Amino acid sequence: MPEAPFSRGAQHPPTAAPLATAAAAGPSGLLASLAPLLAEWLPRQRWFAGKGRPVTGFALVCATELLPWATSGSTPGLLHLLIRAQQPEPPGHRHGFGCGHRRGAAASDCYQILLGVRPTLPPPLAPALVGRPSGGPLDGQAVYEALSDPRLTTLLLERLRMPGRLGPLRFVREPSSAIPAALTPRLMTAEQSNSSVVYGDTFVLKLFRRVSPGTNPDLELPLALARTGCSRVPAPAAWFEAEPPAEGTAGPRPEPFTLGVLQPFLTGSRDGWQLALDTLAARGDFTDAARALGRATAEVHLAMARALPTAVLRRPQIEHLAATMSERLDSAAAAVPALQPYRAALHGAYGDLAALGRAGRTWAAQRIHGDLHLGQALLTWDGGGREGGGRWSLIDFEGEPSRPLAERRRPQPPVRDIAGMLRSFDYAAAVGRHERPQEWAGRTRAAYCAGYADASGTDPRDEPELLRAHETDKAVYEVLYEARHRPDWLPVPMTAIRRLANAHD
Ligand SMILES: Nc1ncnc2c1ncn2[C@@H]1O[C@H](COP(=O)(O)OP(=O)(O)O)[C@@H](O)[C@H]1O
Ligand SMILES: O=P(O)(O)O[C@H]1O[C@H](CO)[C@@H](O[C@H]2O[C@H](CO)[C@@H](O)[C@H](O)[C@H]2O)[C@H](O)[C@H]1O
């Protein structure tokens, strides 16, 4: 790939040395010096998607100096990087559960990395050290995870408060949003697919880690929902994106990459997963909360159908949907042999769906959340009785992170989200060790579906084939997800796989 531009950002503060060395070394010198450190550091990050496969090389997409670094003193520098990590393709990678590259091709995911640069690292930042490059423009400097440094995360907020361009980066602010200065930042420590910084318990900035060209649905959907007046989703206040140069000489310029979104922080909220586990531990009732969550889901679906394009799935699309689910099952079974004994029965669920399409059945499709589960629902206590003392909001509209962006942005049947949430009740009953997990999950799913019907007039249980095919597809996805990320949890979706397979015998 051609040399990526090394964009110079902010003006040098008086204490900063001019970047003569950086400019002279150029971006390839920078990458060469960082590559050995990143090869060691990147695979250890929670958000690194290519775990278990060697990193065979890096390519720099773009580098932007957000704050110049000094060769002495304590002023940190801030370097923004988009870097492709080259890896062999994962096994069982074919349709939709991977990163979208052709079979047999080397996979290369693009990651957003923010590096702090200081001559010496103060002790509180020691755990954030990435390493000290030898050679290149950062020779001998301490290079570290910038999001751990409040001085640098404060600078990011300042950038978002003042819209404008900086090299390939573009900072945008929603005109109606008021973002105060000097909010104290803290990096969230929750297990995440991305990274988030909370500012003064007022805003949260989510920085996408694995990025691709095109607007991320986690910006697109909340923005569209906010503009229709839907208050179930925190409205983006500001965001930033990159417009990197075209890769190769003749290629078209890629669409901008969405890099981060700032949205209001729902102070004091609790996520549905924790709430369900606490309720299970206390042997309490979750059905009122589930019914309210069903209503909230339906409201968000109705608003998305109003705000964004919809479609009708007819025979060809339904057959294609069933075929895609079948291919995903085969691909997952190739990677996780425990699925093999259930393949034939599970394929039956997809066959039933295709048969309905052939018989002339149609379904509405629209933009959906795409990865709805209890962890994506936040309950904020409002003291009132409207939803049993709390109000549900939905977050994280990225969709299933492993699916290609184009696929995640396509209209789909809303039952996909409902199936995701139903699978989550099953997870909660298992992880919360209810003595009769199926009974608890059954009660909770009935309440959720009833709540959905209250608000939308459509009860998902009235379309059993459609629902079962989507629950099966989700459980198959979860088997692969757990095998890759949390092998100890594999029995949870495998129990559902056995049940779904038996239901079809
Ligand atoms: N607007 C918000 N208000 C309060 N907490 C939030 C908000 N957005 C996210 N969170 C918290 O951050 C966690 C991670 O956010 P999420 O968008 O799911 O990130 P990821 O895609 O990295 O998993 C959530 O589980 C939730 O606890
Ligand atoms: O939250 P993410 O967007 O990162 O979603 C991924 O991770 C989820 C786990 O954190 C995973 O969800 C699965 O486990 C949940 C319990 O931890 C459970 O409630 C969900 O039903 C189950 O799917 C999700 O699938 C994955 O995409």
Side-chain angles (χ1 to χ4, degrees), residues 43 46-55 87-107 109 191 193 210 273 321-353 370-375 399-404 407-408 416 419-431 437-438 441 467-505:
R46 159 76 165 98
W47 41 263
F48 179 67
K51 292 209 170 65
R53 289 176 288 137
V55 176
Q87 295 187 276
E89 193 180 87
H93 173 93
R94 212 160 49 191
H95 259 277
F97 288 151
C99 59
H101 290 266
R102 274 174 299 113
R103 199 180 188 198
D109 288 324
E191 289 276 288
S193 303
R210 188 161 59 133
W273 174 250
L321 177 63
T324 306
M325 289 175 168
S326 284
E327 282 165 8
R328 283 199 292 249
L329 168 59
D330 290 342
S331 158
V336 187
L339 276 172
Q340 290 290 356
Y342 309 103
R343 261 178 67 196
L346 299 176
H347 275 303
Y350 308 143
D352 290 350
L353 185 64
D371 190 18
L372 196 59
H373 57 78
L374 279 163
E400 278 171 12
S402 59
R403 289 187 202 268
E407 188 185 317
R408 290 189 261 145
R416 174 161 216 101
M421 191 58 86
L422 299 184
R423 290 285 318 115
S424 211
F425 299 147
D426 194 58
Y427 259 72
V431 175
Q438 278 204 58
L467 186 56
R468 191 166 60 244
H470 279 93
E471 279 187 86
T472 305
D473 189 49
K474 184 71 189 186
V476 169
Y477 165 85
E478 288 166 345
V479 166
L480 199 57
Y481 178 87
E482 300 302 356
R484 282 188 185 153
H485 297 274
R486 304 183 291 197
D488 290 354
W489 289 48
L490 190 53
V492 179
M494 279 308 299
T495 303
I497 288 289
R498 275 190 290 279
R499 204 174 45 243
L500 288 158
N502 286 336
H504 200 269
D505 280 343

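Atoms considered below: every heavy atom in the structure, side chains included; atoms not considered: hydrogens, waters and symmetry mates. Since we're looking at a predicted model, the values are computed, not measured.
For the atom pair Thr472 OG1 and Leu467 CG, the distance stands at 9.0 Å (nearest 0.5 Å). To the nearest 0.5 angstrom, Leu329 atom CG is 12.5 Å from Thr324 atom OG1. Atom CG of Leu372 is separated from atom CD of Glu400 by 11.0 Å, given to the nearest 0.5 angstrom. Of the inter-residue distances, the one linking His347 atom NE2 with Arg343 atom CZ reads 5.0 Å to the nearest 0.5 angstrom. A distance of 4.5 Å separates OH in Tyr342 from CZ in Arg498, rounded to the nearest 0.5 Å.
Considering every non-hydrogen atom in both Ser326 and Tyr350, the closest pair reads OG-CD1, 3.5 Å. The nearest pair of heavy atoms linking Val479 to Pro493 is CG2-CB, 3.8 Å. Between His373 and Ser424, the shortest heavy-atom contact is CB-OG, 3.5 Å. Taking all atoms of both residues into account, the shortest heavy-atom contact from Pro43 to Lys51 is O-CE, 3.5 Å. Minimum heavy-atom separation, Ala428 to Leu374: CB-CD1, 4.1 Å. Residues Ala335 and Leu480 share a closest heavy-atom pair of CB-CD1, 3.7 Å.
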Before giving the answer on side-chain contact (heavy atoms from CB on, under 4.5 Å), spell out for Met494 and Val336 the whole-Å C-alpha distance, their side-chain angles and the decisive distance to 0.1 Å.
CA-CA 11 Å; Met494 279 308 299; Val336 187; 5.5 Å; no
Take Glu471 and Asp426 through the test side-chain contact (heavy atoms from CB on, under 4.5 Å) and record every step on the way to the result.
CA-CA 11 Å; Glu471 279 187 86; Asp426 194 58; over 6 Å; no
Given Arg486 and Tyr481, is the side-chain contact (heavy atoms from CB on, under 4.5 Å) satisfied, shown in steps?
CA-CA 8 Å; Arg486 304 183 291 197; Tyr481 178 87; 4.1 Å; yes
Would Arg328 and Glu407 satisfy salt bridge (charged side-chain N to carboxylate O under 4.0 Å, His left out), going step by step from the backbone distance to the final call?
CA-CA 14 Å; Arg328 283 199 292 249; Glu407 188 185 317; 3.4 Å; yes
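Classification of Arg423 and Glu482 as a salt-bridged pair fails, no side-chain N sitting under 4.0 Å from a carboxylate O. Taking 4.0 Å as the cut-off between side-chain N and carboxylate O, Asp473 and Arg416 count as a salt-bridged pair.
Taking the six-membered ring for Trp and thresholds of 30 and 60 degrees, Trp273 and Trp489 have ring planes inclined between 30 and 60 degrees apart.
None of Arg408, Arg403, Lys474 except one satisfies the side chain to side chain donor-acceptor pair (under 3.5 Å) rule with Asp371; the exception is Lys474.
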